[in-house]
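When a ligand or atom number is given, it counts from 1 through the structure's own listing order.
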Amino acid sequence: MASIETISPNHTPAHCHRLLMTGAGGNLGRVLRDRLKPYADVLRLSDLNDVGPAAENEEVVTCDLADAPGVLALVEGVDAIVHLGGVSVERPFDEILPANIQGVYNLYEAARKHGVKRVVFASSNHAIGFYPQGQTIDTDVPLRPDGYYGISKAFGENLSRFYFDRYGIETVCLRIGSSFPEARDRRMLITWLGYDDLTHLIVQSLFVADVGHTIVYGASANRDSWWDNRLAAHLNFTPKESSEQFRAKVESQPPLAADDIAGKYQGGAFVKAGPFES
Ligand code: NAI
Ligand code: 15L
């Protein structure tokens with residue numbers, strides 16, 4: 001199996017032979033498909049849903065992350081993984097369990113069996129969503145998930161820590177804020193991650209040498225921030241975009257009511273989803 005060519009101090013171009021991206025049919029997967037291609041000889045794209053035909057230097061594998069034998073086959077021959085697949089919003093636990101919890105376990109077991117050395121895991125700010133807005137937190141604070149979705153991301157962070165300590169599989173967990181074309185509300189002015197910065201963050205996470213197990217917040221260079229990335233400084237993630245371009249439009253909208261808890265916690269409206277009772 002080919003090894004990963006890491007980013008060296010003299011900035012040798014980063015590259016690997018076969019890179020797997022799960023969740024390739026989703027919003028971020030569609031954005032990253034062309035952007036990650038230069039970093040691999042072959043980009044293997046996977047999703048539960050159709051991602052369209054494979055282009056040159058692409059492979060397409062339709063796979064449910066909950067299907068362990070399917071995931072084992074999916075990961076064969078892969079050098080590194082960008083794991084975006086799964087349920088990406090708050091949902092009842094029985095929907096989160098197979099895709100996000102069983103799914104991330106299946107992925108790491110497959111990575112272990114096939115000798116994959118590096119995973120970039122799309123965690124989320126919802127793993128720490130119950131910290132108050134305005135409090136600055138680093139990546140060492142205790143997890144405070146704001147729902148079952150956030151709990152599944154906390155599980156993925158812990159699982160990946162175990163697979164590093166026990167098996168030496170390196171992982172960078174990206175606590176992504178809000179990665180969309182625009183910041184749409186006041187909270188997103190703080191949590192927004194532009195697509196150029198997202199791409200830069202993933203490339204650094206894939207190719208910087210010796211990341212071990214690293215947790216990093218994914219936000220652009222916005223005016224205000226709740227997140228301190230000093231413990232992930234070795235990634236050399238230097239965001240360049242800013243949500244200032246959206247401020248006037250966002251601030252022309254009425255603010256949330258003073259008693260709306262979506263305005264109190266970092267996870268925003270996710271903190272008030274549920275309970276899910278039939
Ligand atoms: P998305 O919902 O658009 O894409 C997720 C993809 O995963 C979908 O294409 C879906 O078909 C696939 N998927 C769902 N269940 C699956 C299963 N059982 N097996 C295989 N594939 C399955 O989400 P988006 O926005 O592209 O996010 C990508 C990743 O980044 C997700 O893991 C999400 O939790 C995470 N993230 C995204 C943020 C954002 O602002 N877009 C913020 C924080 C985290
Ligand atoms: C997430 O984790 C979600 O995947 C995304 O859809 C947004 O809701 C984002 O967090 C956010 O917090 O804005």
Side-chain angles (χ1 to χ4, degrees), residues 20-33 35 45-52 60-68 70-71 74-75 81-91 94-107 110 119-131 133 145-157 172-195 197-199 201-202 205 215-220 222 226-227 243 250 262 265-273:
L20 167 64
M21 179 166 69
T22 68
N27 292 316
L28 299 188
R30 291 196 303 272
V31 166
L32 290 164
R33 185 169 178 165
R35 289 166 176 249
L45 303 158
S46 182
D47 204 287
L48 190 59
N49 297 320
D50 182 37
V51 301
V60 169
V61 182
T62 302
C63 179
D64 185 343
L65 289 159
D67 167 16
V71 173
L74 172 67
V75 172
I81 302 172
V82 176
H83 183 45
L84 306 175
V87 175
S88 66
V89 291
E90 180 61 343
R91 297 295 301 153
D94 58 4
E95 291 181 36
I96 298 284
L97 180 62
N100 292 22
I101 294 182
Q102 189 72 48
V104 75
Y105 166 76
N106 290 343
L107 191 87
V119 179
V120 177
F121 169 55
S123 181
S124 170
N125 72 87
H126 296 287
I128 48 82
F130 257 123
Y131 280 92
Q133 295 189 6
D146 58 26
Y148 303 118
Y149 166 67
I151 289 167
S152 75
K153 296 300 186 180
F155 176 81
E157 290 191 7
V172 180
C173 297
L174 314 179
R175 285 188 188 158
I176 301 170
S178 308
S179 199
F180 295 98
E182 292 185 16
R184 297 191 298 255
D185 57 30
R186 283 167 173 78
R187 171 180 166 274
M188 281 197 194
L189 289 176
I190 297 167
T191 60
W192 186 69
L193 175 66
Y195 291 151
D197 286 338
L198 169 72
T199 307
L201 177 58
I202 290 179
S205 301
I215 298 170
V216 61
Y217 292 104
S220 282
N222 304 324
W226 302 320
W227 301 329
S243 61
V250 165
Y265 296 103
Q266 297 192 5
F270 278 51
V271 304
K272 59 181 188 180

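- The protein non-hydrogen atom at the shortest distance from atom 1 (P) of ligand 1 is Ser88 OG, 3.6 Å.
- Backbone and side-chain nitrogen or oxygen atoms of Thr191 are examined, and none is located within less than 3.5 angstrom of a nitrogen or oxygen of ligand 2.
- Thr191 places no side-chain N or O within donor-acceptor distance of the main-chain N or O of Gly177, the cut-off being under 3.5 Å.
- The shortest N or O to N or O distance between Ser124 and ligand 1 is not below 3.5 Å.
- The backbone N or O of Trp227 sits nowhere less than 3.5 Å from a side-chain atom of Arg175 that would complete a donor-acceptor pair.
- With a heavy-atom cut-off of 4.0 Å, Lys153 does not touch ligand 2 at all.
- Listed by number with element, the atoms of ligand 1 under 4.0 Å from a non-hydrogen atom of Phe180 are 40 (O).
- With hydrogens and angles disregarded, no donor-acceptor distance shorter than 3.5 Å links the side chain of Asn27 to the backbone of Phe180.
- Looking at Asp197, its side chain never comes within 3.5 Å of a backbone N or O of Ser220 through a donor-acceptor pair.
- For atom 5 (C) of ligand 2, the closest heavy atom belonging to the protein is Phe180 CZ, 3.8 Å.
- Of all atoms in ligand 1, listed by their number and element, those nearer than 4.0 Å to a heavy atom of Ala99 are 15 (N), 18 (N).
- Aromatic ring pairs are classed by plane angle as parallel below 30°, tilted from 30° to 60° and perpendicular above 60°; the pair His126 and Phe270 is parallel.
- Scanning the protein heavy atoms around atom 38 (C) of ligand 1, the nearest turns out to be Ile176 CG2, 3.9 Å.
- Although no hydrogens or angles enter the test, the distance criterion places a donor-acceptor pair under 3.5 Å between the side chain of Thr22 and the main chain of Leu84.
- Residue Trp192 does not touch ligand 2, judged by heavy-atom distances below 4.0 Å.
- Interface of His126 with ligand 2, defined as ligand atoms under 4.0 Å from a residue heavy atom, comprises 1 (C), 2 (O), 9 (C), 10 (O), 11 (C), 12 (O).
- Comparing Ile96, Asn27, Leu74, Leu28 against atom 37 (C) of ligand 1, the shortest heavy-atom distance belongs to Leu28.
- Set against the non-hydrogen atoms of Phe270, the atoms of ligand 2 under 4.0 Å away are 8 (O).
- Remark: distances from the non-hydrogen atoms of His126 to ligand 1 are all 4.0 Å or more.
- Between Cys63 and ligand 1 there is a heavy-atom distance shorter than 4.0 Å.
- The shortest non-hydrogen separation linking Ala66 to Pro98 is CB-O, 3.6 Å.
- Nearest to atom 7 (O) of ligand 1 by heavy-atom distance, out of Gly26, Gly86, Ala122, is Gly86.
- Closest protein heavy atom to atom 39 (C) of ligand 1: Ser179 N, 3.6 Å.
- Atom 10 (C) of ligand 1 has as its closest protein heavy atom Asp47 OD1, 3.4 Å.
- Counting the atoms of ligand 2 from 1 in the order shown, those under 4.0 Å from a heavy atom of Arg187 are 11 (C), 12 (O), 13 (O).
- Look at Ser123 and you'll find a heavy atom under 4.0 Å from some atom of ligand 1.
- Side-chain atoms of Gln133 come within 3.5 Å of backbone atoms of Tyr265 as a donor-acceptor pair (strictly under, hydrogens ignored).
- Near Ser178, meaning under 4.0 Å from any of its heavy atoms, are these atoms of ligand 1: 40 (O).
- Each of Val75, Val120, Leu74 was scored for a side-chain contact (heavy atoms from CB on, under 4.5 Å) with Ile81, with one residue passing: Val75.
- With hydrogens and angles ignored, the 3.5 Å screen pairs a side-chain donor or acceptor of Ser46 with a backbone N or O of Val61.
- Nearest heavy atom pair, residue Tyr149 against residue Asn100, reads CD1-ND2, 3.9 Å.
- When non-hydrogen atoms are compared, ligand 2 lies under 4.0 Å from the backbone of Ser88 as well as from its side chain.
- In summary, the atoms of ligand 1 found under 4.0 Å from a heavy atom of Gly23, numbered by their order in the structure, are 6 (C), 7 (O).
- Scanning both residues, Tyr195 and Arg35, for their nearest heavy atoms gives O-NH1, 3.1 Å.
- Of all protein heavy atoms, the one closest to atom 9 (C) of ligand 2 is Gly177 O, 3.3 Å.
- By the criterion of a heavy-atom distance under 4.0 Å, neither the backbone nor the side chain of Ile176 is placed next to ligand 2.
- No donor-acceptor distance shorter than 3.5 angstrom exists from the side chain of Glu90 to the backbone of Lys272, with no hydrogens or angles considered.
- A side-chain donor-acceptor contact under 3.5 Å links Arg30 to the backbone of Gly25.
- With hydrogens and angles disregarded, no donor-acceptor distance shorter than 3.5 Å links the side chain of Arg33 to the backbone of Leu45.
- Given atom 18 (N) of ligand 1, the protein heavy atom at minimum distance is Asp64 OD1, 2.9 Å.
- Protein heavy atom at the shortest distance from atom 31 (C) of ligand 1 is Leu84 O, 3.1 Å.
- Less than 4.0 angstrom separates some heavy atom of Asn125 from each of these atoms of ligand 2: 10 (O), 11 (C), 12 (O).
- For the side-chain contact (heavy atoms from CB on, under 4.5 Å) with Tyr217, the lone residue among Ile176, Ile128, Leu174, Asn125 that qualifies is Ile128.
- For Gly267 against Arg187, the heavy-atom pair with the smallest separation is C-NE, 3.6 Å.
- For ligand 1, the atoms sitting less than 4.0 Å from at least one non-hydrogen atom of Gly177 are 40 (O), 42 (C), 43 (C), numbered in the order shown with element in parentheses.
- Atom 19 (N) of ligand 1 has as its closest protein heavy atom Leu65 N, 2.9 Å.
- When each atom of ligand 1 is checked for a heavy atom of Gly85 under 4.0 Å away, the hits are 7 (O).
- Nearest protein heavy-atom neighbour of atom 34 (O) of ligand 1: Tyr149 OH, 2.5 Å.
- Between Leu48 and Thr62, the shortest heavy-atom contact is O-CG2, 3.5 Å.
- Here the heavy atom of the protein found nearest to atom 13 (O) of ligand 2 is Ser178 OG, 2.6 Å.
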